[in-house]
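See structure below.
Chain A is the first sequence line, chain B the second, and so forth, proteins listed ahead of strands; every chain is numbered from 1. Being a predicted model, the structure only gives us computed values, none of them experimental.
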Number of protein chains: 2
Amino acid sequence: MGTVHVVSIDPTSDRPVYQQVADVLRRRILDGVVVGGDRLPSETELMQEFQVSRTTARLTYSVLRSEGLIDAQRGRGNFVRDRRDAQRIASDRYRQAVERLRHDGDPQTAFTRDQGIDWSAYRLDKEFHVVPATADVATLLDLDAGTDVLARHFVFYAADQPQQMSVSYLPADLVKGTPVEDPANEPWPGGTMAQLATLGVEVTRIEESVRARMPTPDERRTLQIAQGVPVLTVTRRMLDHDRPVEAAVDIVMPADRFVLDYSLDLS
Amino acid sequence: MGTVHVVSIDPTSDRPVYQQVADVLRRRILDGVVVGGDRLPSETELMQEFQVSRTTARLTYSVLRSEGLIDAQRGRGNFVRDRRDAQRIASDRYRQAVERLRHDGDPQTAFTRDQGIDWSAYRLDKEFHVVPATADVATLLDLDAGTDVLARHFVFYAADQPQQMSVSYLPADLVKGTPVEDPANEPWPGGTMAQLATLGVEVTRIEESVRARMPTPDERRTLQIAQGVPVLTVTRRMLDHDRPVEAAVDIVMPADRFVLDYSLDLS
DNA sequence: CAGTGGTCTAGACCACGCT
DNA sequence: GCGTGGTCTAGACCACTGT
């Protein structure tokens, strides 16, 4: 007794067969008929059940992968991706950092909560280079293009899994000869704002620009990003009293692991 | 005389051929050898130049499409996607709205700048329905699940192109019998905050949660989103004096057309 | 070992854009 | 009409996962 389909495929329809099959499976996923972790029919089963070729079966799963609904595992099958709870990053983390700086709070606590995250197991890959500022970075830092900046590359880990990568730029003349330019001093208790404080810089305003895009192959590899998952990127500037700019950061986060929370006070 | 490749493909390499070809083309795009709008080799040309099958050539372009680097156009070719300038949405749009409300500024101007956007040619698709609140919406509005809410579906257009879609939820008992529940009164000068003001509600705080994901097929169709382009989603709550919640919104925007700007004052 | 997904080939027909 | 990408087939070999 073969499998009976309530929803059958119409080869004469305008809608491509692989899309029709994808529609059926997508509906099962969205309706909760199958849930995170469940295995979907193998490609061979799809061929038999819907009377299609292997290529069409693979095209179907390719669609669902690019929608971020499933993960393929070689030798095992195609699995419904489970929607893990995303880590929330609150915009008031900066205000909290200011409070700790002012009240001499425990800097170590401050650090392990950097980026608003409790990093369970913490690690930091770092590369520091002095380079001429690109046009973009120069604009953000209000410098002439080509001015030397210290580029600091970070990869943040939690539970031995890479979670976030970023590049931070500081004007080279601001940090030259100070402990800030030495990677050995990372991780720095209290983070960037504490570092800037030792240089006599008070951060009074922060500007963040949030974008999203598909990751580059390099980002996919470094952050272990699944197919069909975009990245959130945050471009950040720290300002001292509305004018000079002290740091520019480009933060890249897998979008299935992070939510950015912002609170806007209007009173 | 056939095409000569500086970078040749190694069929014996561990890296799949279609990835190696994609690497070559990706490099050309990222290095600016080809720029936005330029046509890439046709699939047939790729077959000849790299000595691969049509399937492999198509796989190559499928990779670049999913990375958001190119667009395929039936009957024409594969084209490098041009990075148009994204529309910036500033977080101080709410504060500006408050100012206008307080000073009786021109409400029409206020409206055409809703969402912080100057909609050049403006249109609005709308559907209003009273429905029981889902668990998520109930939590956001601090209501019991199942309580009636007014769900308002919007699609915003600029220059006849769909730019943004959103669902806004208001407690049904708050708006029952008021002009707010009548879709005919949309677009409402001054937007949601002006509407709430007529109900005696003062918005003192707004919370926004930003996420990114791949669009659903419905969103791709409605917003005319290209392959390989994620959406930014904003979940918004408006609060009156830190406690009651007055509106919850789910806004969906194509990530290649929008940047979200937030300014955080620490002084 | 059998079953799974990953890669790759050769070939076919179609819909669409342009000239 | 010709070249383009879109869909679909049948078949092959490989790498990986499980028993």
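- B:T55 comes within contact range of at least one nucleobase, with a heavy-atom separation under 4.0 Å.
- A close approach under 4.0 Å does occur between a side-chain nitrogen or oxygen of A:T44 and OP1 or OP2 of C:dT4.
- Ring planes of B:F154 and B:F128: perpendicular class, angle over 60° (limits at 30 and 60°).
- Side-chain N/O atoms of B:R58 include none lying less than 4.0 angstrom from OP1 or OP2 on D:dG5.
- When rounded to the nearest whole Å, the span between CD of A:E43 and P of D:dG11 equals 17 Å.
- One finds no side-chain N or O of B:S53 lying less than 4.0 angstrom from the OP1 or OP2 phosphate oxygen of C:dC8.
- Across all strands shown, B:Y18 has heavy atoms under 4.0 Å from sugar-phosphate atoms exclusively, and none from any base.
- Taking 4.0 angstrom as the limit, B:T56 places none of its side-chain polar atoms (N or O) nearer than this to OP1 or OP2 of C:dT7.
- Rounded to an integer number of Å, the gap from OH of B:Y61 to P of C:dC8 is 16 Å.
- Rounded to an integer number of Å, the gap from B:Q48 CD to D:dT4 C1' is 13 Å.
- With hydrogens and angles left out, the side-chain atoms of B:T12 and B:D10 include a donor and acceptor closer than 3.5 Å.
- If you measure from atom CE of B:M47 to atom C1' of C:dC8, you get 12 Å, rounded to the nearest angstrom.
- Nearer to the 5' terminus of DNA chain D, by closest-nucleotide assignment, is the contact made by B:Q227 (compared with the other of A:R76 and B:Q227).
- A side chain to side chain contact (heavy atoms under 4.5 Å, CB included) with A:T235 is found for one member of A:L140, A:V210, A:I251 and no other, namely A:L140.
- Computed from coordinates, the A:R54 CZ to D:dT9 C1' distance equals 13 Å when rounded to whole Å.
- The closest side-chain heavy-atom distance from B:Y61 to B:S66 is not below 4.5 Å.
- One interatomic measurement links the two molecules: CZ of B:R74 to P of C:dC14, which rounds to 13 Å at whole-angstrom precision.
- The separation between B:L59 atom CG and C:dG6 atom P is 11 Å, rounded to whole Å.
- For the atom pair CD of B:Q20 and OG1 of B:T56, the computed distance is 11.0 Å after rounding to the nearest 0.5 Å.
- In this structure, A:N78 reaches the C:dG5 phosphate: one of its side-chain N or O atoms is under 4.0 Å from OP1 or OP2.
- Side-chain proximity of A:P16 to C:dG6, D:dT7, C:dT7: nearest is D:dT7.
- As a whole-Å value, the separation of A:E45 CD from C:dA2 P is 18 Å.
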